[in-house]
J.: 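One structure is given below, represented as C-alpha cells, and several questions about it will come after.
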Amino acid sequence: MVGRITLLIICFFSCFSTAQAELSENKKSLIMELFPSATVIEEKLADFPVYPVYQLQELLGYAYESIDLSRLQGFAGQPISMLVGMDNRGRFTGVKVLNHHEPVFLHGLGEEPLFDFVNQYKGQSLREQIIINTSNTGRPKRTSDGHTVYFDGVSKATVSVLIINDTLLSSALKVARGKLAGFVQTAQTRAKPDFFERLSWQQLLERGYIGHWKLSRDAIESEFGRPLTDYPQGFEGTDDSPFTELFFGYINAPMVGRNLLGDQGYQKLMAYIDPGAQVMLVLSGGAFPHVSESFIPGSNPERLNLSQNGLSVEMRDLNLSGQGLELQAAGMPDLAVHNFFRMGGSAGFSPGADATLNVHIELARNHLVRDSIIMDVPVRFNTDLFETVEPAPSFMDEREPIWIGLWKQRWWQITILLTALTVLTVFFARQKTLSRHPEQVRRFRWGFLFFTLFYIGFFAQGQLSVVNIYTLFLAIWDGFSLNVFLLDPIIFILWVYTFISLFIWGRGLFCGWLCPFGALQEMAAWLGEKLRLRQIKVPERWHRRLILIKYPILIGLLGTAFYSLAIAEKLVEVEPFKTSITLLFVRHWPFVVYAVGLLVIGMFINKFYCRYLCPLGAGLAIIGRLRLFSWLDRVELCGTPCQHCKNACGINAIRKDGRIDYDECIQCLECVVILNDEEQCVDKRLQNKKNQRQAYILATDAGNS
C-alpha cells in the first residue's frame with residue numbers, strides 16, 4: 001500500500017514537472033517572431049535555461065527568459081521579465097517584454113516607449129559596446145568605427161531603461177559564454193602586487209612594460225591615398241615627425257604605476273579609484289593625439305576603442321585633472337596629451353591577455369567630405385607583470401552595481417539637494433528665533449516651495465509616493481535588497497531624510513516643505529485667494545471624520561499590493577503625482593481631469609487632497625506619532641479663549657482647545673509666527689498692555705511723591 005502511494009506521488013510530481021517544462025504555444029509563437037525562419041524549437045535545456053532554435057538541422061541560436069539568468073530588480077521592486085533571442089554569432093534577434101511593473105510605463109507614458117526601446121536591440125551584437133543616451137547629447141546612433149552604439153533612452157524613465165539594458169547585457173553574456181564559440185572567457189589575470197624595481201622610461205619600453213605604436217606621415221598618406229596637404233586643418237611638425245605616436249601602460253601594475261607616478265602618486269591614485277577598478281594610461285604625441293580638442297573629460301574617447309576576445313571593452317576617462325598626479329619617470333619624453341582610462345563594461349578586461357586598441361582617424365577634406373580609417377594596435381604587455389587567477393564563479397555578479405553609476409552621473413543634482421536639505425534643517429532647528437521675523441520666514445517658505453516644485457519635482461523627479469512604501473514591504477517579503485532603492489539617488493536621499501525627520505518634527509516637514517504636489521496645492525490655494533474665490537471652511541465635526549479617509553486608502557493599497565501588484569498599480573492612481581509631477585499633465589484626459597480637479601478644489605478648500613485623501617501622508621502620520629519633540633509652542637490663552645491661530649491655520653490642524661494636531665500639521669510655522677508677533681498674538685498684546693499699565697502706575701506714583 002505504501003509503495004503504491006509513493007509511486008502515485010512520484011508520478012504526480014513527474015507529470016507536474018513535465019507540465020511546467022513544456023513549451024507553451026504562446027511562448028513558441030513569440031520565439032517564432034524572434035526567429036522567423038525557425039522550423040524546430042526545442043524544450044528548455046535541463047543544464048542551462050535556454051530554448052535551442054533550429055532551421056531543419058542548422059542551429060539558428062537560442063531564446064531565453066531574462067528572469068532565468070538575471071534577477072535585477074526594477075524600479076517597482078520586481079524583475080523585468082523579457083523573452084530574448086540571440087543567434088549563434090552573438091547578435092540579438094529581438095526582445096519581447098513578457099511582464100513588468102515599472103510605474104512610469106503603466107498608465108503613465110504607456111508601454112509603447114518601452115517596446116520602442118527594446119526594439120533597438122534587434123540586430124545588435126554583444127561585441128559592440130551599447131551605451132544608453134540619457135542626456136540628449138545628439139550623439140550618432142553608431143560611431144563610425146562600428147564598435148559603439150548609442151541607444152535612445154526614454155525621458156522620465158531613465159532608471160527603468162538602464163535596468164533593462166543591464167539585464168539584457170548580463171543575461172546575454174551568460175548565454176554567449178555558456179553556449180557560443182568565441183565568447184569563452186580567457187583565464188583572468190591580475191598585476192603582481194610585489195613585482196617592482198625602479199626603472200627609467202626607456203627601460204620600461206625595452207622590457208615591454210609599456211606599449212608603443214607610431215604612425216608616420218608617409219604611412220597615413222599611403223593609407224588615405226592622398227597627401228596631408230589635401231586636408232585644410234593642417235598638421236604641425238616636420239616630415240620626419242610622426243603623424244601620431246601612442247604609449248600605453250597598465251597603471252594597476254606597481255612596476256608601471258609606481259615608476260610613472262612615483263610611490264605617493266601611485267598610492268593616491270589607487271586610493272582614489274574604486275576597489276577592483278582597472279586603469280590604463282594612454283599618452284600620445286605627434287600631429288594627431290588620441291583625443292580631440294573637443295574631448296569632454298570623464299567621457300568615452302571617440303578616437304579610441306579597445307576590444308578583447310571579440311568583445312568591446314569600455315574606456316572611460318577618470319578626469320583626474322586637479323588631483324596632483326604628475327608623470328615623473330626618468331627620461332620620459334614631452335608628450336602632448338595623456339589620459340587615465342578606467343577599463344570595464346559588460347565584457348570585463350584581463351590585462352595579461354592580448355587585446356586590440358582601435359585608433360579611429362578621421363580627417364575632413366571639406367565641410368561635406370571626410371576620410372576615415374581604423375588602425376589596429378596590438379596591446380600586449382610583458383607577462384612578467386601578471387599572475388593568473390581563477391575566473392570568478394559569476395563574473396556578471398561582481399560588476400559594479402548599476403546604482404553607483406547613476407549616483408556618479410547625478411552628483412551635481414545630489415549636491416544641490418543635500419545643500420537645500422542642510423539649509424532647511426538649520427532653519428527648522430532655529431525656528432523659534434527666526435520666526436520673530438515674519439516677513440523673512442514667509443519669503444523663505446515660498447522660495448523653498450518653488451525650489452521643491454520646480455527642482456525636486458519637475459526637474460529631479462523627486463516626488464515620493466505610496467508606491468515606495470509598498471515596494472519596501474514587498475522587498476522585505478521577497479528578500480530585501482538595498483540596491484533597488486539606491487537606483488534613484490534623489491528619491492533615496494529624500495526618503496532617508498524624511499524618515500529621520502519623522503522622529504524629530506513629525507509628518508509636517510515633508511508634507512509642508514518637500515512634497516512637490518503639496519507645494520503645487522499651496523500655490524493653487526494662494527491663487528484662489530488672489531482671485532477672491534470663496535474659501536470653504538469644512539465644519540469641525542466633518543473635518544475630523546474626513547481626515548480619517550486616507551488611512552483606509554493606505555491600508556487598502558498595501559493589502560492589494562500583496563494580493564496583486566497589477567491591481568495595486570491601478571489603484572495607486574488615487575495619487576495625482578504621476579500625472580502632475582512626473583508627466584507634467586501630458587497624459588490621457590481622465591487622469592489630467594482628476595489631477596487638475598484636485599487642484600481646483602484646493603483653490604476653495606486649502607490642500608484638500610493632502611488633508612483627506614493622501615495615503616502617503618497617512619503613512620507618514622502613523623510613523624510621525626513616534627516623534628520625540630513637540631516644537632510648536634502653545635501658551636495659556638491658546639484655545640481658551642484665543643482662536644486666532646486656529647482661524648489662521650489653512651488646513652485646520654489646530655483644535656479648539658489650542659492643541660496642535662501633529663498628524664495633520666504641515667509645519668508651515670504660521671502659528672509660530674503669530675505667537676511671536678507682538679501685534680497678532682492676543683497673549684502678547686495683553687501682556688504688553690499689562691506692562692504698560694504697570695509702568696503708568698509706577699510713573700504716576702513717582703510723580704505724586
J.: Would you say the side chain of Q202 lies within less than 4.5 Å of the side chain of L204, judging by non-hydrogen atoms?
T.: no
J.: Regarding N88 and Y62, is there a side-chain donor-to-acceptor distance under 3.5 Å anywhere?
T.: no
J.: Is any side-chain heavy atom of D230 less than 4.5 Å from a side-chain heavy atom of F224?
T.: no
J.: Run F386 and F195 through ring pair (Phe, Tyr, Trp, His ring centres under 6.0 Å) and show every step you take.
T.: CA-CA 9 Å; F386 309 105; F195 184 61; 9.5 Å; no
J.: For the backbone of L162 and the side chain of D166, can you confirm whether one donor and one acceptor N or O come within less than 3.5 Å of each other?
T.: no
J.: Less than 3.5 Å apart, which donor and acceptor atoms pair up between the side chains of residues 324-336 and the rest of the protein, not counting sequence neighbours?
T.:
| from | atom 1 | to | atom 2 | distance (Å) |
| --- | --- | --- | --- | --- |
| Q328 | NE2 | L261 | O | 3.0 |
| Q328 | NE2 | E326 | O | 3.4 |

J.: Does any non-hydrogen side-chain atom of I456 lie less than 4.5 Å from one of L417?
T.: yes
J.: Do the side chains of E221 and R226 get close enough for a salt bridge, i.e. N-O under 4.0 angstrom?
T.: no
J.: Below 6.0 angstrom between ring centroids: does that apply to F459 and W412?
T.: yes
J.: Can you tell if the side chain of L320 reaches within under 4.5 Å of the side chain of L269, non-hydrogen atoms only?
T.: yes
J.: Report the C-alpha distance between N305 and I374 in whole Å, list the side-chain angles of each, state the deciding distance to 0.1 Å, and finish with yes or no for side-chain contact (heavy atoms from CB on, under 4.5 Å).
T.: CA-CA 10 Å; N305 179 268; I374 297 175; over 6 Å; no
J.: Looking only at atom types and distance, does a side-chain atom of Q120 sit under 3.5 Å from a main-chain N or O of F117, one as donor and one as acceptor?
T.: yes
J.: Taking all heavy atoms of E302 and all of H360, pick out the closest pair and write down the distance.
T.: O-ND1, 4.0 Å
J.: Going from CZ on R177 to CG on L126, what distance comes out if it is rounded to the nearest 0.5 angstrom?
T.: 9.0 Å
J.: Between CD of Q413 and CD1 of I493, what distance do you get to the nearest 0.5 Å?
T.: 10.0 Å
J.: Could you pull out all residues at least two apart from S292 that satisfy side chain to side chain donor-acceptor pair (under 3.5 Å)?
T.: S294
J.: Under 3.5 Å, is there a donor on one side chain and an acceptor on the other for Q278 and Y250?
T.: yes
J.: Quick one, M315 and M343 - any side-chain contact, counting heavy atoms below 4.5 Å?
T.: yes
J.: Less than 6.0 angstrom from the centroid, inside 45 degrees of the normal: does R217 satisfy that with respect to the ring of F243?
T.: no
J.: Is there a side-chain contact between V282 and F341 in this structure, where contact means two heavy atoms from C-beta onward sitting under 4.5 Å apart?
T.: yes
J.: Tell me whether K192 contacts the main-chain N or O of D384 through its side chain, where contact means a donor paired with an acceptor under 3.5 Å.
T.: yes
J.: How far apart are the closest heavy atoms of I414 and P489, and which atoms are they?
T.: CD1-CB, 3.6 Å
J.: Say whether, by atom type as modelled, one donor and one acceptor occur between the side chain of S70 and the main chain of S170 under 3.5 angstrom.
T.: no
J.: Go through the side-chain N and O atoms of N165 and Y121 and say whether any donor and acceptor fall under 3.5 Å apart.
T.: yes
J.: Using atom types as modelled and distance alone, determine if a side-chain donor or acceptor of T425 lies under 3.5 Å from a backbone N or O of L421.
T.: yes
J.: What are the two closest heavy atoms between M82 and V118, and how far apart are they?
T.: SD-CG1, 4.5 Å
J.: Which value, rounded to the nearest 0.5 Å, describes the distance between L385 atom CG and T383 atom OG1?
T.: 8.0 Å
J.: Please tell me whether S66 and S171 have a donor and an acceptor in their side chains that are separated by less than 3.5 angstrom.
T.: no
J.: Look at the side chain of D87 and the backbone N and O of G90, then say whether any donor-acceptor pair between them is shorter than 3.5 Å.
T.: yes
J.: Is there a side-chain contact between T244 and K214 in this structure, where contact means two heavy atoms from C-beta onward sitting under 4.5 Å apart?
T.: no
J.: Closest heavy-atom contact between Q308 and D354?
T.: CG-O, 3.4 Å
J.: Counting only heavy atoms not in E387 (residues, nucleotides, ligands), do more than 12 fall under 6.0 Å from its CD?
T.: yes
J.: Under a 3.5 Å distance rule, please check whether S284 uses its side chain to pair with a backbone N or O of P289 as donor and acceptor.
T.: no
J.: Evaluate the ring planes of F451 and Y455, with Trp represented by its six-membered ring, and classify them as parallel (under 30°), tilted (30 to 60°) or perpendicular (over 60°).
T.: parallel
J.: Validate the cation-pi geometry between R303 and F295: distance from NZ or CZ to the six-membered ring centre under 6.0 Å, angle to the ring axis within 45°.
T.: no
J.: When the aromatic ring centroids of F247 and W201 are compared, is their separation below 6.0 Å?
T.: yes
J.: Using a strict threshold of under 4.0 Å (side-chain N to carboxylate O), is an ion pair present between R342 and D317?
T.: no
J.: Taking only Lys NZ, Arg NE, NH1 and NH2, and the carboxylate oxygens of Asp or Glu, determine whether K174 and D68 approach each other closer than 4.0 Å.
T.: no
J.: Do W213 and V359 have side chains that get closer than 4.5 Å, going by heavy atoms?
T.: yes
J.: Mark yes or no for whether T93, through its side chain, and G85, through its backbone, hold a donor-acceptor pair below 3.5 Å.
T.: yes
J.: To check you understand the geometry: which heavy-atom pair defines the closest contact between F381 and P351, and what is its length?
T.: CD1-O, 3.9 Å
J.: For R198 and D263, what are the C-alpha separation, side-chain angles and deciding distance, and is it a salt bridge (charged side-chain N to carboxylate O under 4.0 Å, His left out)?
T.: CA-CA 10 Å; R198 190 65 63 187; D263 293 340; 3.4 Å; yes
J.: Under a 3.5 Å cutoff, is there a donor and acceptor pairing between the side chains of H290 and N339?
T.: yes
J.: Could you tell me which non-hydrogen atom of L34 sits nearest to which non-hydrogen atom of G94, and how far apart they are?
T.: CD2-C, 3.4 Å
J.: Charged N to carboxylate O below 4.0 Å: is that the case for D371 and R365?
T.: yes
J.: Does a salt bridge link E362 with R370, judged by any charged N lying under 4.0 Å from a carboxylate O?
T.: yes
J.: Checking I220 against L228 for the side-chain contact (heavy atoms from CB on, under 4.5 Å) test, could you report, in this order, the C-alpha distance in whole Å, the side-chain angles of both residues, the deciding distance, and whether it holds?
T.: CA-CA 8 Å; I220 192 65; L228 290 177; 3.9 Å; yes
J.: So T356 and S307, side chain to side chain donor-acceptor pair (under 3.5 Å) or not? Walk me through it.
T.: CA-CA 5 Å; T356 302; S307 60; 4.6 Å; no
J.: In sequence, state the C-alpha distance, the side-chain angles, and the governing distance for H212 and E245, and then conclude on side-chain contact (heavy atoms from CB on, under 4.5 Å).
T.: CA-CA 8 Å; H212 177 220; E245 186 172 20; 2.7 Å; yes
J.: Decide whether N382 and R207 meet the rule of one side-chain donor and one side-chain acceptor closer than 3.5 Å.
T.: no
J.: F248 vs V377, test: side-chain contact (heavy atoms from CB on, under 4.5 Å). Steps then yes/no.
T.: CA-CA 11 Å; F248 41 90; V377 180; 4.0 Å; yes
J.: Is the count of non-hydrogen atoms from other residues, nucleotides or ligands lying under 6.0 Å from R410 atom CZ greater than 12?
T.: yes
